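Okay, so here's the structure we're looking at.
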Amino acid sequence: MSEILFMIPVFKQMIWGGNKLGSKWGYEIPGENTGECWAVSAHPNGDCTVKEGAFAGKTLSQLWTEEPQLFGGAAGDRFPLLIKIIDANDDLSIQVHPDDTYAGKNENGSLGKTECWYILDAPEGATLVIGHNAKDKAELEDMIQNGKWEEFLREVPVKKGDFIQIDPGTVHAIKGGIEILETQQNSDITYRVYDYGRLQNGKPRELHIDKSIDVITVPAKSVAESVINISTDAKNTMNPLILCDYYQVWKLDVDGSMEVSQDYSFLIMSVVEGDGQINGHPLKKGDHFILPNGFGKAQLQGKMELIASTVV
């Protein structure tokens, strides 16, 4: 049987980051403004290494190239997904992502960015920016160029356990106090539409107004199409969250024991609450691992919540 690939995360300090990845998650973080944990990533801006076993010390991008059998020969010139935990201590900028075609043409052959968020924690009365209120491209340009942010942006209430799909072209922003697990395409392309006039090192951060106007979908998708209030009360089973062109995502609520059949090209798993074991190997909140192709049956035991994903 193949080995489980346990990953060593990469951390990113951000203007809006906090310290929960240290205090709540138990990671060794680089500073008090750590906003992102790139938990399973083979991106040049953050390439995770394998923690133990036969491939210890190898990066995920190396394994993708050198050991394709681990991923069932999944298509593509790079590992397709990127899993992050985000601790937003402050509001993130208002942003939008391009699709594969636009990014490939305008961002040196990068993939576009389709992503989804599982809300791990949120304060009472929390909201996120998802979508906008412009009726057409002309109104969109007018609202952005003239800073009509209150009219333009659509805020929606969210709570712990909500699930949100962010297709390319969707205006979005995580607000302060919210923690999410993000499953996304392996891309780091973000266009900033608005940043509240914040300064970093005395200067405003770069905005990407023209590219944003190019790629924003008008009119925006309805809230109902973006925010999925899922009921994942079923214990010891893989509760599906979403299936789209780029990924399939599940939530697992382990209470006692359950068996997972690894029938996919690979299966990424993240422990987001509690602790337990997989095939006798101890697991705790904040562990991230990949069950490689042909792994077979995995026995999960304990009391824990996991998010799992694979490619379609």
Side-chain angles (χ1 to χ4, degrees), residues 1-7 9 38-43 47-48 50-55 58-85 100 111-118 163 165 181-187 228 230 232 234-254 257-272 276-281 283 287-302 304-312:
M1 190 202 291
S2 344
E3 290 184 8
I4 301 172
L5 305 171
F6 285 92
M7 309 310 295
W38 289 27
V40 180
S41 168
H43 193 279
D47 204 350
C48 296
V50 179
K51 193 180 339 189
E52 58 194 49
F55 302 113
K58 293 224 171 192
T59 63
L60 186 51
S61 63
Q62 259 181 299
L63 291 188
W64 179 257
T65 308
E66 297 167 11
E67 310 283 348
Q69 75 286 354
L70 294 172
F71 311 103
D77 61 354
R78 65 202 96 179
F79 186 77
L81 299 180
L82 203 171
I83 312 298
K84 289 179 186 172
I85 293 171
D100 287 344
L111 295 177
K113 196 164 162 192
T114 300
E115 66 187 31
C116 59
W117 303 341
Y118 178 77
F163 184 75
Q165 171 76 351
L181 182 130
E182 177 171 292
T183 304
Q184 59 160 87
Q185 284 179 272
N186 181 2
S187 168
I228 305 161
I230 37 169
T232 55
K235 304 273 193 229
N236 303 323
T237 185
M238 299 211 0
N239 295 295
L241 296 179
I242 195 157
L243 169 63
C244 73
D245 290 347
Y246 297 101
Y247 43 71
Q248 190 166 2
V249 184
W250 300 265
K251 175 155 187 279
L252 289 73
D253 243 319
V254 180
S257 68
M258 75 172 279
E259 185 176 87
V260 172
S261 279
Q262 207 308 61
D263 303 325
Y264 308 94
S265 9
F266 58 87
L267 190 64
I268 301 172
M269 302 186 99
S270 297
V271 183
V272 295
Q277 297 180 340
I278 181 164
N279 291 3
H281 189 295
L283 290 179
D287 284 345
H288 306 268
F289 54 92
I290 301 171
L291 300 181
N293 189 252
F295 185 83
K297 303 265 192 275
Q299 301 292 336
L300 293 167
Q301 282 164 320
M304 52 186 175
E305 293 173 25
L306 300 97
I307 303 289
S309 57
T310 190
V311 283
V312 176

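Remember, predicted model here, so these are calculated numbers, not experimental data. Heavy-atom basis, side chains included; hydrogens, waters and symmetry copies ignored. Numbering starts at 1 and runs along the sequence shown.
Of the inter-residue distances, the one linking Lys113 atom NZ with Asn186 atom CG reads 10.0 Å to the nearest 0.5 angstrom. Annotation: the span from Asp253 atom CG to Met258 atom CE amounts to 9.5 Å, rounded to 0.5 Å. Once rounded to the nearest 0.5 Å, the distance linking CZ of Phe289 with CG of Leu5 reads 10.5 Å. Within the model, atoms CE of Met7 and CG of Leu63 stand 7.0 Å from one another, a figure rounded to the nearest 0.5 Å. The structure places CE of Met269 at 12.0 Å from CD1 of Ile83, a figure rounded to the nearest 0.5 Å. To the nearest 0.5 Å, atoms OH (Tyr118) and CD1 (Ile307) are separated by 5.5 Å.
Contacts of Phe55 classified as ring pair (Phe, Tyr, Trp, His ring centres under 6.0 Å), with partners at least two apart in sequence or in another chain: none.
For the pair Asp100 (side chain) and Leu111 (backbone), a donor-acceptor distance under 3.5 Å is absent. Between the Asn293 side chain and the Gly73 main chain, no donor and acceptor come within less than 3.5 Å of each other. Looking at Gln165, its side chain never comes within 3.5 Å of a backbone N or O of Ile242 through a donor-acceptor pair. Using modelled atom types, no side-chain atom of Asp47 and backbone atom of Thr59 make a donor-acceptor pair closer than 3.5 Å. A donor-acceptor distance shorter than 3.5 angstrom exists from the side chain of Ser41 to the backbone of His43, with no hydrogens or angles considered. No donor-acceptor distance shorter than 3.5 angstrom exists from the side chain of Glu305 to the backbone of Lys251, with no hydrogens or angles considered.
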Practice item. Using the side chain to side chain donor-acceptor pair (under 3.5 Å) rule, take Gln185 and Thr114 through it: C-alpha gap first, then chi angles, then the decisive distance, then the call. Key: CA-CA 6 Å; Gln185 284 179 272; Thr114 300; 3.2 Å; yes
Practice item. Please test Gln277 against Leu283 for side chain to side chain contact (heavy atoms under 4.5 Å, CB included), starting from the C-alpha separation and ending with a verdict. Key: CA-CA 5 Å; Gln277 297 180 340; Leu283 290 179; 5.7 Å; no
Point to revise | Evaluation steps, side chain to side chain contact (heavy atoms under 4.5 Å, CB included), between Val254 and Asn236 | key: CA-CA 5 Å; Val254 180; Asn236 303 323; 4.0 Å; yes
Practice item. Decide yes or no on side chain to side chain contact (heavy atoms under 4.5 Å, CB included) for Phe266 and Leu70, but give the supporting numbers first. Key: CA-CA 7 Å; Phe266 58 87; Leu70 294 172; over 6 Å; no
Check your understanding: Does the side chain to side chain contact (heavy atoms under 4.5 Å, CB included) test come out yes or no for Val260 and Leu252, once each step is laid out?
Key -> CA-CA 10 Å; Val260 172; Leu252 289 73; 4.0 Å; yes
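Inter-residue side-chain proximity for Leu60 and Ile290 is flagged as met; some heavy-atom pair is nearer than 4.5 Å. A heavy-atom distance below 4.5 Å is found between the side chains of Val249 and Ser309. Side chains of Val312 and Asp245 form no contact here, defined as non-hydrogen atoms less than 4.5 Å apart. Looking at heavy atoms from C-beta onward, Pro240 lies in side-chain contact with Trp250 at the 4.5 angstrom threshold. Between Ile4 and Leu291 there is a side-chain heavy-atom pair separated by less than 4.5 Å.
The heavy-atom pair separating Glu3 from Ala54 by the smallest distance is OE1-N, 3.0 Å. Minimum interatomic distance between Pro9 and Ala39 (heavy atoms only, all atoms of both residues): CB-CA, 4.1 Å. The minimum heavy-atom distance between Ser257 and Gln301, with the atom names listed, is CB-CG, 3.5 Å. Shortest non-hydrogen contact noted between Gly112 and Ser187 is O-CB, 3.1 Å. Closest non-hydrogen pair, Val311 versus Pro80, comes out as CG1-CG, 3.3 Å. In terms of heavy-atom proximity, Tyr247 sits nearest to Gln184 at CE2-CA, 4.3 Å.
Between His281 and Phe6, a ring centre-to-centre spacing shorter than 6.0 Å is recorded.
Salt bridge Glu66/Lys58: present, at least one basic N to carboxylate O contact under 4.0 Å.
Classified by interplanar angle (parallel below 30°, tilted 30° to 60°, perpendicular above 60°), the ring pair Phe71/Trp64 is tilted.
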